[in-house]
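Chain letters run A, B, ... following the sequence lines, proteins first, then strands; residues in each count from 1.
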Number of protein chains: 2
Amino acid sequence: MQNNSDDSQQTSAASKAYEVLRDMILNGDLPSGARITEGKIATMVGVSRTPIREAIQRLEHEHLIVNKIVVKPTETELRHTFQVRILLEGYSARCAAMFFTEKDFESLAEFVKIGRTGSLDEIMRANEQFHETIVRASNNPIMIDIIESMKSIIYLFSRTVVTRERPFLIDEHETIYETIKAHDADKAEQLMNQHLQADLDFSLHFINN
Amino acid sequence: MQNNSDDSQQTSAASKAYEVLRDMILNGDLPSGARITEGKIATMVGVSRTPIREAIQRLEHEHLIVNKIVVKPTETELRHTFQVRILLEGYSARCAAMFFTEKDFESLAEFVKIGRTGSLDEIMRANEQFHETIVRASNNPIMIDIIESMKSIIYLFSRTVVTRERPFLIDEHETIYETIKAHDADKAEQLMNQHLQADLDFSLHFINN
DNA sequence: ACGAATTAAATTGTATACATTAATAGTGAT
DNA sequence: ATCACTATTAATGTATACAATTTAATTCGT
């Protein structure tokens, strides 16, 4: 997952710790179920426990850590996350259909194109950006923030979806793109719902608990 | 606002700090726009800066504090919060219509009744519980958590709605209750949307920025 | 008197020390 | 061997110390 946060430069110890710890979890360096101890992580990252605690608090907010244990997302949890996502991104797709400009269409088209031609990493990134662009159409920072906070968990599974090459993934993006461009708000919402539901179902098929 | 959090007993300094600070903001003891300084609050609450920092982080997550400034919610911000609320509580009302049992109906009826007969504080509380009960119908901890995190901001305005006695507030609750009891999911969602929209519009009427 | 430059004061971020609590490992009795 | 109990260890929560920033105040030149 690319780092979108704006604190990649200023490298406060807390932000650095957050990113390192998050990436360790997302990469599987810290396997799900593993116990997090502040001291260990602190020496790993090379800072004191104070900024580590802050990082852990952030990651607990993202549900990547639940009382000091690296989360092993269950089927149920994934369903819950996607239910919220469907509501918020469905609404966002509706907004996109109503308010998007020519420039926005171009971005979306570009992400669809990369979805067809890019490398795996590029596809992952394009997938992410496609959804991000639509979410921004809500023009609602609260909503954007909520989706952002679910990104880590989402990432854990979008990897599955992309690397296992879920059928129709990009086709669906393209249809959504066209529907948004045609300003068909109802259909855009509906298609986004179906698209996310398909992502969820595909991911669930590969979950092993 | 009554304290629902489960940490009111164990009184960790951080939780205590969180509650004190939150209540100071909600009561207006710390007026919106006020600058929060860790040291001052620490001596106020009688703990060190460490747990205060944790409390501030939590309150920033709830958007009650934004970079050390007590938030003064703008019209736009309130609209954004309610947009999310409408999506999530609308869905929850739908779930309630589909899954609620006799016992749940009784709770709802009770909160409607208190809405008609109770003192101001009791009405506030009943209003809160009415919505809480419906949100729980989603049976989705992620969703419940998100609403919970918006509670402080919501509270700031539900006070206005109740003390200024918004017309039809309780009537709307009653209609929603009846619709849920009649298992009419579509209408329940629609009525909840309208109800929250009315709350928003009424609140906006008294906002002074 | 006004604004730029410099100094002083306050505030935050991080590290560390200590006290409390939770987890682990022994020990002994049945 | 198993369970209860104690002793040990480790980990967390909180306080404090210090360094790095930020903010406010002061001085100076024009």
(message) Expressed as a whole number of angstroms, how long is the span from Q57(A):CD to dG13(C):C1'?
(response) 15 Å
(request) Round to a whole Å and report the spacing from CZ of R35(A) to P of dA10(D). (result) 14 Å
(request) Let me know the distance between CZ of R49(A) and P of dA10(D), rounded to the nearest Å. (result) 15 Å
(message) Under a 3.5 Å threshold, yes or no: a donor from one side chain and an acceptor from the other, between S107(A) and D104(A)?
(response) no
(message) Any base atoms under 4.0 Å from T50(B), or only sugar-phosphate, or nothing? Heavy atoms, all strands.
(response) base
(request) Please report, rounded to the nearest Å, how far the P atom of dA11(D) is from the CD1 atom of I69(A). (result) 13 Å
(request) Considering only NZ, NE, NH1 and NH2 on the basic side and carboxylate oxygens on the acidic side, decide whether E122(A) and R125(A) come within less than 4.0 Å. (result) no
(request) Look at the side-chain N and O atoms of S48(B) and state whether any lies under 4.0 Å from the OP1 or OP2 oxygen of dT14(D). (result) no
(request) Tell me whether the OP1 or OP2 atom of dA10(D) has a side-chain N or O from K40(A) closer than 4.0 Å. (result) no
(request) Rounded off to whole Å, could you give me the CD-to-P distance for the E54(A) and dT12(D) pair? (result) 17 Å
(message) What is the separation between atom CD1 on I41(B) and atom C1' on dT12(C), rounded to the nearest whole Å?
(response) 14 Å
(request) Scan I36(A) against the nucleic acid and name what it touches under 4.0 Å (heavy atoms): base, sugar-phosphate only, or nothing. (result) sugar-phosphate
(request) Specify the separation, in whole Å, of atom CZ of R53(A) and atom C1' of dA11(D). (result) 10 Å
(message) Assess whether a salt bridge exists between R22(A) and E62(A), defined as any Lys/Arg side-chain N lying under 4.0 Å from an Asp/Glu carboxylate O.
(response) no
(request) Whole angstrom is fine here: how far is it from CD in E38(B) over to C1' in dG13(C)? (result) 8 Å
(message) Between E75(B) and R79(B), does any side-chain N to carboxylate O distance fall below 4.0 Å?
(response) yes
